[in-house]
Amino acid sequence: MRALRTLFLAILVAGVGHPALAQTAGAPTDLATWLEAAASESGPAGPLQVSPTAAAIARDNGLTFISEPPLVLSQDAGTGSALVLANGRVEVGNSGDDTSITHLDPSIFRVTRTDTGWTSEPVPMGRNRIHRHEMTVALDPARGLSVQDTMTVEVVDDDGFAFGLNRAATIRALQIDGTDTDWVFRNGLLWVDAPPGRRGVSVTYDLVVERDAGANSGVFQDDHGHLRNQYWWHPSLGLTNAGSRAVFDVTLTSPEAVHVALDFDQTSAVADGRRTTRIISPTPTGALSLAYDTAWVPRRVTAGAFTLDVFAAPDFAPNDAELAEALSNATSALSARFGVPPSQRMAVVQNRGRDRDAWAFLSNPAIHAGPNGAPFVSIADFPYHAPFAHEVAHLWTSASGDLQYLLTEGWATYAEGVVLEATEGPDVAAAFWEHRAQLLALEPDVLDTPLDQDAMNTLVSYHKGAWVFRMLETVLGQDAFDAGMRRFAETALASPAYEDFLTAFGDQAEVARRFLSPWISQSGVPSLDIVRENGRLFLIQTGPTYWLPGLEVELREGGRSERVRIDVEGSRTEVPTGSTSNPTVRIDPDNRFLILDRD
């Protein structure tokens, strides 16, 4: 593996298309001096730090971070303002993971001269748009991929066109509208000096794929392999960025014995010892996964109103009938409340390169498993969960923006509870939610992270985000909540943002916004105390304040009990005592709100 990493590093250093462009001459000394100082990693975050998030991840996890000096891509001779590339990389051990972490930070900056010096502003990679990919791919299990991707893109201004690509790619050629052009490729970001307007950008490259068994993002073996969408094996503006949502027209050739799965409905034909697999995505999407195996026997089964394509060996477990039943159970439970999702085709794809049996992830409408799948439902031990239903639930939502993981992973975990209630009963569903709260209590870092800070898709959205959906259902009422989710699901193919999610609740949108806002931006969860003063009861929020409308409080006295509902508005709310005089108090007896401290 050491030799392979050295090869990747050599490719990376050599990945500058034309030295004259990469080493832009004539940059004034004061700009060069400012760039050197601005990129320093010491002291507070500067205006042009090189990949600070990636550097922090490397530091916190004992990984190698390679920092490289800012690179002037282009410069205005009159004003001195410049377009600057500032990125480094962390070495996780897999080039796809390296590239994903690198893209957590802005890489390109507009640096402008002012009367007092220099200022910098990040240039978002996703402000341009990819409309279409026309890809020809040659798959060689012994090595990797050779790809030509002709993209139809929209370039919005004079800052050129930049996109992400696996940092280990070797660029062979790049053209704009059929003409060779200059380019710069470093640490998984490729920039080309494309003029504004609708353009054809064609990039030809080779990609050597790691051969480490058990890899998450990507691994190739002689008889099987996979590249997850997060491997950046094809150009992208960001895996969940709306600007990346394009139609994919892919023609992939492989040896005849190698069956391939590319997420969407596909055709396959064999001629002259080569297999040709073709897809055209029925709707725009942000990224594709790729998997292959010589042992697969692809087949199609029916699961209620859904079609299920299985790309697996004949001895894959669960068997086809069990898969169809599980898919039918999950989609029936969710469709009854939230409507039919935009896609009614799914696939199950066996990934023998993964290190364990699992329902690992969803890529478009394809559930990628391990060497075998896993139980559909786990309710024998803590914590209860329904991993297959979790992946199926992703058919109902997609998202872009800072809260994308709330709207995808938070939703899918919430949906596990819905499916468990429909298939296993309300007691199992109640235990599922109690377990989600207990998991939060066991993870103080997760508990203290606001949902809008979940940039790396941690457990925050899975646990706290799922509870947010459950609480929103309580606040709005099931009918209004379900109607809003139906409307939101109808926009899933457009990769909507958080504001679109709120708008889907119609006349309840502002109620949803008011309730959700503190959960989005504040750390922790509500902590409540009961205080008695002169025969009166008060509920005190001892930490950050949340709006908890309709919170139930149970009052017990003399063998009798009654419940009152209160709207918790701020730090101190009086609790009406009804017919009791000195009751014992139980807050939220049905556990409808996420409250870890109820004393």
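Just so you know, these numbers come straight off a predicted model, no measurement behind them. These values consider heavy atoms only, across backbone and side chains, with no hydrogens, waters or symmetry-generated copies.
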S.K.: Does the plane of the ring in Trp359 sit parallel, tilted or perpendicular to the ring in Phe376? Use 30° and 60° as the thresholds.
M.R.: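 Plane angle under 30°, so parallel.
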
S.K.: Measure from NZ or CZ of Arg199 to the centre of the six-membered ring of Phe161, then state whether that distance is under 6.0 Å and the direction lies within 45° of the axis.
M.R.: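 Arg199 over Phe161 ring: no.
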
S.K.: On the six-membered ring of Trp467, is Arg470 placed so that its NZ or CZ lies under 6.0 angstrom from the centre and within 45° of the ring axis?
M.R.: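 Judged by the rule (NZ or CZ under 6.0 Å from the ring centre, within 45° of its axis), Arg470 counts as positioned above Trp467.
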
S.K.: Find the distance between CG (Leu308) and CD (Glu325) and round it off to the nearest 0.5 Å.
M.R.: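 Answer for the CG-CD pair, Leu308 versus Glu325, is 13.0 Å.
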
S.K.: For the residue pair Phe311 and Gln266, establish whether any side-chain heavy-atom pair is separated by less than 4.5 Å.
M.R.: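 They are in side-chain contact.
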
S.K.: Tell me whether the centres of the aromatic rings in Phe488 and Phe338 are closer together than 6.0 Å.
M.R.: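 Centroid distance Phe488-Phe338: not below 6.0 Å, so no.
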
S.K.: Between Glu421 and Arg337, does any NZ, NE, NH1 or NH2 come within less than 4.0 Å of an OD or OE carboxylate oxygen?
M.R.: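 Salt bridge absent between Arg337 and Glu421.
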
S.K.: Does Phe469 have its ring centroid less than 6.0 Å away from the ring centroid of Phe501?
M.R.: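 Ring centres of Phe501 and Phe469 closer than 6.0 Å.
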
S.K.: Less than 4.5 Å apart, any side-chain heavy atom of Met485 and any of Trp411?
M.R.: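 Met485 reaches Trp411 side chain to side chain.
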
S.K.: Under 6.0 Å between ring centres, would you say that holds for Tyr462 and His390?
M.R.: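 That pair passes the under 6.0 Å test.
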
S.K.: Quick one: are the ring centres of His133 and His234 less than 6.0 Å apart?
M.R.: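 Yes, close enough.
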
S.K.: Does the side chain of Leu139 reach to within under 4.5 Å of the side chain of Leu252, using non-hydrogen atoms?
M.R.: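 Sidechains of Leu252 and Leu139: in contact.
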
